[in-house]
2 protein chains.
Amino acid sequence: MLVCYLCCMARIKTDSHTSRREVIIAKAALLFREKGFKAASMRDLAESVGVEAASLYNHIKSKTELLHELCFGVANRFMQKIEEVEQEKIPAAEKIEKILRFHIHEMIHHYEEVYVSDREWKHLLDPYLSNFQNQRRIYRKRLAAIIEAGIRAGEIEPIDAPTAVLILLHAVSGIESWHRSRHKISAEELENNMITILVGGLRPRK
Amino acid sequence: MLVCYLCCMARIKTDSHTSRREVIIAKAALLFREKGFKAASMRDLAESVGVEAASLYNHIKSKTELLHELCFGVANRFMQKIEEVEQEKIPAAEKIEKILRFHIHEMIHHYEEVYVSDREWKHLLDPYLSNFQNQRRIYRKRLAAIIEAGIRAGEIEPIDAPTAVLILLHAVSGIESWHRSRHKISAEELENNMITILVGGLRPRK
DNA sequence: AAATATGCCTAACGTATGTTAGTTTGTTAT
DNA sequence: ATAACAAACTAACATACGTTAGGCATATTT
């Protein structure tokens, strides 16, 4: 597609702090999120960047590489955060809340990447695929461990920790519906509502 | 009936209660779930059914039709259930629990279809797509209405109902992780754990 | 046994996709 | 101004996909 206003070649717009590669990756996140990895074509991506499909390959190696970049970018951020929180000297219940708030925040403010990492990692290819799955498994085990510590300390209701992890993580990913919905409540309201419900539960306290 | 095991054409196996069409749809659910709709090819599906790709078209109209069938099959079951529960003369909190248990049960025992309906409906085409989205929106509104009734009756903690709906529905879809996990707890345990956590919350009652 | 209908096969079409090769244009440094 | 580099272009390839057409094989009905 030609976006040439008078005579010349298209160029990917960047400011000095974002490389063209990063622009492409960001656009890819958007596209993968709204169409899914398989359904989003390199020609689609090229168009949304304002360039011909072949030109993308001056900046990236392959379509799959874009997925790597997105998935591991997100995974690393979460891994770093949980390590940070683990080492703080605060009650387990507070650790959970901190991690939960981080998840919510990421899901709200880095929606595209987080969503893609969450739903499209299946399409990674095998050295990366098993790597990613491993990281995911480890992350969940760590989260479960914190919950179990909280239960032992009497700060958390005695429940099945792996089930709790599963509920927490997936509940947060429900923010997708918030993004899609037309009349949104504010991001802060959403965050606080989610924390209230997830930590407090539905049943009224007497 | 003659079944020739040495020299003749493949045939889709059925018992008298399942049509070949239904066999194909069931296999499609499995395939769409594990690869995603776009990544699953008709040739994949044909192989898993034990037949050539072209032969499928004696029983179905198109690939998309398979998705229709799955998505609306699931959607209708949920719609029917919520209508049924709405009309019962029981407290709102019990209605919510009933619906929640239905969701959990469906997600456990009709995993493939429910999962596909939940994650792949984006690939429906437009008369069906908007129809599906509408049904979904309506369903969630109804669920929120029940929760709000429960709040007014003092049976449920005063929280933001749409947020609660979003959390409940997505939390249930976390059962996906249970299906994928190697050492599963039993289905009954899972169901009860989920109800406990979702209805009761994490914070201990004093 | 013959006739009809159903189900499957092979072959192929048209289209879309990811990617490569080679060339031209634009920018930066000498 | 010119050389060197980066980034865009055009053209094309190979492959995979959904789907159709037409013929043979099997099952069912007469």
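Chain letters run A, B, ... following the sequence lines, proteins first, then strands; residues in each count from 1. Heavy atoms only: backbone and side chains are in, while hydrogens, waters and symmetry mates are out.
- If you take NZ of Lys35(B) and P of dG18(D), they are 10 Å apart, rounded to a whole angstrom.
- Remark: C1' of dT6(C) and NE2 of His59(B) are 9 Å apart, rounded to the nearest angstrom.
- Taking CG of Asp160(A) as the start and CD1 of Ile197(B) as the end, the distance is 6.5 Å to the nearest 0.5 Å.
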* Using the side-chain contact (heavy atoms from CB on, under 4.5 Å) rule, take Asn193(B) and Ile159(A) through it: C-alpha gap first, then chi angles, then the decisive distance, then the call. => CA-CA 7 Å; Asn193(B) 284 337; Ile159(A) 48 170; over 6 Å; no

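- Taking atom CG of Leu56(B) as the reference point, atom P of dT10(C) lies 13 Å away to the nearest angstrom.
- For residues 81-92 of chain B, the salt bridge (charged side-chain N to carboxylate O under 4.0 Å, His left out) pairs, not counting sequence neighbours, are Lys81(B)-Glu84(B), Glu83(B)-Arg142(B), Glu86(B)-Arg142(B), Glu88(B)-Lys98(B).
- The salt bridge (Lys or Arg N to Asp or Glu O under 4.0 Å) search around Glu113(B) returns Arg77(B), not counting sequence neighbours.
- Between Arg21(A) and Glu65(A) there is a salt bridge, with a side-chain nitrogen of the basic residue lying less than 4.0 Å from a carboxylate oxygen of the acidic one.
- Residue pairs meeting the salt bridge (charged side-chain N to carboxylate O under 4.0 Å, His left out) criterion with at least one partner in residues 164-177 of chain A, sequence neighbours excluded, are Arg119(A)-Glu176(A), Glu176(A)-Arg180(A).
- For DNA chain D, no neighbouring residue in residues 120-132 of chain A is found when judged by any heavy atom under 4.0 Å.
- Between His105(A) and His109(A), the angle of the ring planes lies from 30° to 60°, which puts this pair in the tilted group.
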Output side-chain donor-acceptor pairs under 3.5 Å for residues 27-38 of chain A, partner residues at least two apart or in another chain, one line each.
from     : atom 1 : to        : atom 2 : distance (Å)
Arg33(A) : NE     : Glu112(A) : OE1    : 2.7
Arg33(A) : NH2    : Glu112(A) : OE1    : 3.2
Lys35(A) : NZ     : Asp44(A)  : OD2    : 3.1

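- Heavy atoms from other residues, nucleotides or ligands lying under 6.0 Å from OH of Tyr128(B) number 12 at most.
- Put simply, Arg20(A) has no side-chain N or O that comes within less than 4.0 Å of OP1 or OP2 on dA6(D).
- Computed from coordinates, the Glu52(B) CD to dG22(D) C1' distance equals 16 Å when rounded to whole Å.
- The side chain of Ser55(B) places no N or O atom within less than 4.0 Å of a non-bridging phosphate oxygen (OP1 or OP2) of dG7(C).
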* Asked: What string of B, S and - do you get for nucleotides 18-24 of chain C, 5' to 3', if B is base contact, S is sugar-phosphate-only contact and - is no contact with any protein heavy atom under 4.0 Å?
  -> BBBB--B

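- Straight-line distance from the CD1 atom of Ile60(A) to the P atom of dA8(D): 12 Å, rounded to whole Å.
- When rounded to the nearest whole Å, the span between CD of Glu65(B) and P of dG18(D) equals 15 Å.
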